[in-house]
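Comments concern the structure below.
Remember, it's 1-based here, ligands and their atoms both numbered in the order they're listed.
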Amino acid sequence: MPPIVGIDLGTTNSLVAYMKDGAPVCIPDERGRTLVPSVISVGEGGLELVGDLARGRRITAHDRTVFSVKRFMGRSLEDVRDELHLLPFGVRERGGLLQIRLLDREFTPQELSAFILRELKRRAEKHLGEEVGPAVITVPAYFNDAQRQATKAAGLIAGLKVLRIVNEPTAAALAYGLSNRDRGVVAVYDFGGGTFDISILRITDGVFHVLSTNGDTHLGGDDIDQALMDRLLPGVPEALRADACLLQALRQACERAKCDLSSAGEARVVVSMPGRAEIDLVVTRRQLEGVMRPVVERTRTACLAALKDAGLSASDVDEVLLVGGSTRIPMVRSLVAETFGCEPRCELDPDEVVALGAAVQADILAGKTRDMLLLDVTPLSLGIEGFGGVMNVLVPRNSTIPASVKEAFTTAADNQTAVVVHVLQGERELAAENRSLARFELPVDPLPSGLARVEVEFLIDADGILNVTARDLRTGRGQSVEVIPSHGLTEDEILGMVREGIEHGREDMEMRWLVEARTEADIVLNAARKAVTQARAAGVPEERLTRFTEQIGELARVRDGTDHGAIRGALKRFNAETEDLAAKIMDAAVKSALTGKSLSEA
Ligand code: ADP
Ligand code: MG
């Protein structure tokens with residue numbers, strides 16, 4: 001069996017770990033360093049440099065060196081617009097994917113992250129002397145599905161088989177062996193290079209629940225470096241202050257001094273550029289503390305907000321774990337102790353703890369660690385078929401189990417006597433493209449469309465067994481089936497389905513939008529056709545009725561086309577132009593039919 005590695009794909013630094021003789025260890029390079037700076041640079045002849053080699057080039061080749069790629073994973077140009085001015089490289093969107101420009105080449109964030117993952121894979125293979133494929137990769141707890149999907153895609157591109165995406169705070173808790181506890185509340189304080197995250201977790205019978213997360217995606221060690229630099233700059237000759245290279249070198253010297261000051265009372269900031277500049281200053285820990293206090297204080301506010309969101313007070317927290325390089329700073333440690341009223345745990349290296357936990361999770365997946373409960377998540381989304389053949393997701397991929405979700409649906413046709421509950425698994429937008437798990441009918445009382453209320457409940461137990469119940473809320477009549485969602489699917493098939501979901505994402509969405517627009521048009525047309533008679537009975541003049549019939553014909557014509565935008569437009573126009581009639585005759589039933597999600601007729 002090939003070793004399964006655990007990977008911390010960080011904004012500033014990344015690491016790879018594995019389980020050695022029952023304990024997780026991070027894998028070092030030839031020089032004993034476990035951290036790989038998350039920096040990629042395009043070198044001479046188009047060669048890609050990763051890690052330490054690339055990091056040095058942030059000064060000498062800043063236009064072809066990229067960092068903080070994690071900020072772009074699974075995001076749109078709109079999402080990252082506010083951050084662009086901070087970056088020396090060009091970013092644009094093409095085909096729904098971000099493209100980062102380095103020299104004359106463009107890369108997606110997934111491809112850039114894959115460079116880092118490939119480097120970690122290579123390092124692990126060299127160390128272990130065998131091929132490495134399966135991996136667990138960590139992401140921040142607040143990452144949404146698109147960001148998790150992008151991380152998984154980066155793994156696939158790098159030739160890894162991503163068995164699981166794990167939350168960073170959960171990994172930290174696993175590294176500290178906290179899953180062995182029956183229950184308890186854990187706060188994970190993660191202060192890295194460019195981001196600060198606080199997560200409050202509850203452990204119940206070995207299962208982790210993220211109660212709340214808070215933080216600041218632009219608050220980290222970099223801000224402390226900057227604050228120190230601002231403090232030292234007045235001591236640098238005016239003429240040198242405009243030199244970009246010198247400023248970068250000074251920034252790195254400030255970072256080194258900051259790190260030294262975590263264990264020493266005094267440090268030197270030295271920049272030596274022969275023939276250009278010579279800077280040699282002494283900084284004390286007290287001076288550093290003075291400039292960084294405002295930065296550190298901001299983490300306190302986020303901690304208090306996270307506690308509030310979790311509905312807890314500091315005294316409810318049983319353990320606080322320190323994660324991230326910046327938690328080595330003594331002042332940060334005392335602030336954490338003060339905020340939570342207890343000494344934080346820091347026995348494990350804060351740089352390594354997330355990767356170590358990922359290795360523990362990998363070991364659990366390999367079935368080697370028996371005394372820990374398996375923390376499972378759903379590998380693929382689960383949902384039911386909606387009217388028009390679309391997939392309605394109830395439990396998204398990667399949800400932790402056990403899980404339970406309820407959603408209410410209505411009927412699409414008048415006097416429907418039964419609805420079909422078609423249970424599906426997969427990432428595609430259309431029901432037919434997903435895997436069918438079960439199908440059953442539920443009788444409902446015949447009513448005008450949109451009035452019936454059918455509640456569908458998905459319950460997944462700790463073994464991954466799905467129980468689907470549908471209930472007519474009016475009569476209380478219900479029916480249920482039991483299915484085993486992943487049963488019969490190999491890991492490869494699951495990955496294939498995830499990949500297909502990514503590949504077909506756009507065309508699927510187009511199709512789904514068309515189906516949804518047509519469905520809405522059908523419902524409106526159906527109601528409108530009935531309304532002609534009602535309008536006549538309500539005394540609407542014959543002229544207006546003729547015009548109304550024409551309007552219906554026009555909507556029906558557009559409905560048969562394939563342009564969902566045109567159908568939406570026609571619907572909007574139709575609704576506006578027939579408002580006068582609707583006000584008179586369209587009853588609440590029709591109105592609710594226009595909005596509710598509905599199920600097919602049996
Ligand atoms: P990320 O999770 O964002 O990848 P890390 O956890 O690797 O980041 O943290 C990197 C940050 O930690 C950098 O700002 C670095 O300067 C800081 N750091 C590392 N070691 C120390 C130290 N001894 N004292 C203070 N800061 C440190
Ligand atoms: Mg980190």
Side-chain angles (χ1 to χ4, degrees), residues 6-17 26 33-40 50-52 54-55 58 67-73 113 116-117 119-120 137-143 151 166-173 175 188-199 213 215-229 250-267 269 283 285 288-289 291-292 295-296 299 321-336 346 348-358:
I7 291 177
D8 171 4
L9 183 59
T11 311
T12 317
N13 294 300
S14 300
L15 302 91
V16 57
C26 285
R33 297 172 299 193
T34 55
L35 295 178
V36 174
S38 305
V39 186
I40 301 113
V50 179
D52 283 305
R55 188 171 191 257
R58 277 185 67 173
F67 51 93
S68 294
V69 172
K70 192 169 175 177
R71 295 190 189 284
F72 300 102
M73 294 288 277
S113 290
I116 300 168
L117 292 172
E119 173 66 21
L120 295 170
I137 304 180
T138 59
V139 295
Y142 61 78
F143 255 29
T151 306
V166 180
N167 289 330
E168 287 162 12
T170 303
V188 181
Y189 180 99
D190 183 347
F191 200 16
T195 57
F196 169 66
D197 298 313
I198 174 78
S199 316
T213 65
D216 190 330
T217 51
H218 286 283
L219 182 66
D222 296 347
D223 298 285
I224 300 177
D225 306 344
Q226 182 66 46
L228 181 57
M229 198 159 133
L250 181 61
R251 188 185 304 276
Q252 291 196 356
C254 283
E255 185 188 355
R256 261 192 307 275
K258 170 192 75 174
C259 293
D260 292 345
L261 288 173
S262 290
S263 49
E266 242 180 52
V269 176
V283 190
R285 185 187 286 179
L288 175 68
E289 289 183 343
V291 299
M292 72 183 194
V295 177
V296 177
T299 71
L321 310 182
L322 292 184
V323 178
S326 300
T327 61
R328 288 222 180 74
I329 301 172
M331 188 183 171
V332 170
R333 295 195 172 178
S334 27
L335 175 126
V336 176
C346 55
L348 296 176
D349 184 325
D351 289 323
E352 296 187 351
V353 57
V354 168
L356 295 176

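With a heavy-atom cut-off of 4.0 Å, S326 touches ligand 1 through backbone and side chain alike. Contacts of T12 with ligand 1, taken as heavy-atom pairs under 4.0 Å, involve both backbone and side chain.
Under the 4.5 Å side-chain criterion, counting only non-hydrogen atoms from C-beta, D190 is not in contact with F196.
Taking 4.0 Å as the cut-off between side-chain N and carboxylate O, R328 and D351 count as a salt-bridged pair. For E352 and R33, the salt-bridge test fails: no basic side-chain N is under 4.0 Å from an acidic carboxylate O. Classification of K258 and E289 as a salt-bridged pair fails, no side-chain N sitting under 4.0 Å from a carboxylate O.
Less than 4.0 angstrom separates some heavy atom of G324 from each of these atoms of ligand 1: 6 (O). Every atom of ligand 1 is numbered from 1 in the order shown, and the set under 4.0 Å from a heavy atom of G221 is 14 (O). Near G10, meaning under 4.0 Å from one of its heavy atoms, ligand 1 places the atoms 4 (O). Contact atoms of ligand 1 toward I329: 25 (C) (distance under 4.0 Å to a heavy atom of the residue).
Of the N or O atoms in S262, one or more lie within a sub-3.5 Å distance of an N or O in ligand 1. Between G193 and ligand 1, at least one pair of N/O atoms sits closer than 3.5 Å.
Atom 20 (N) of ligand 1 has as its closest protein heavy atom R328 NH1, 3.1 Å. Of the protein's heavy atoms, G192 CA, 4.3 Å lies nearest to atom 2 (O) of ligand 1. For atom 7 (O) of ligand 1, the nearest non-hydrogen atom of the protein is N13 ND2, 2.8 Å. What sits closest to atom 15 (C) of ligand 1 on the protein, heavy atoms only, is E255 OE2, 3.3 Å. Ranking the protein heavy atoms by distance from atom 9 (O) of ligand 1 puts G325 N, 3.3 Å first.
The side-chain contact (heavy atoms from CB on, under 4.5 Å) test with F191 singles out one residue from T327, V336, V323, and that residue is T327.
One finds the OG atom of S14 at 9.0 Å from the CG atom of L35 (value rounded to the nearest 0.5 Å).
Side chain to side chain, Y189 and T299 meet the donor-acceptor criterion of an N or O pair below 3.5 Å. No donor-acceptor contact under 3.5 angstrom links the side chains of T213 and S199, judged on distance only.
Here the side chain of N167 pairs no donor or acceptor atom with the backbone of P169 at under 3.5 angstrom.
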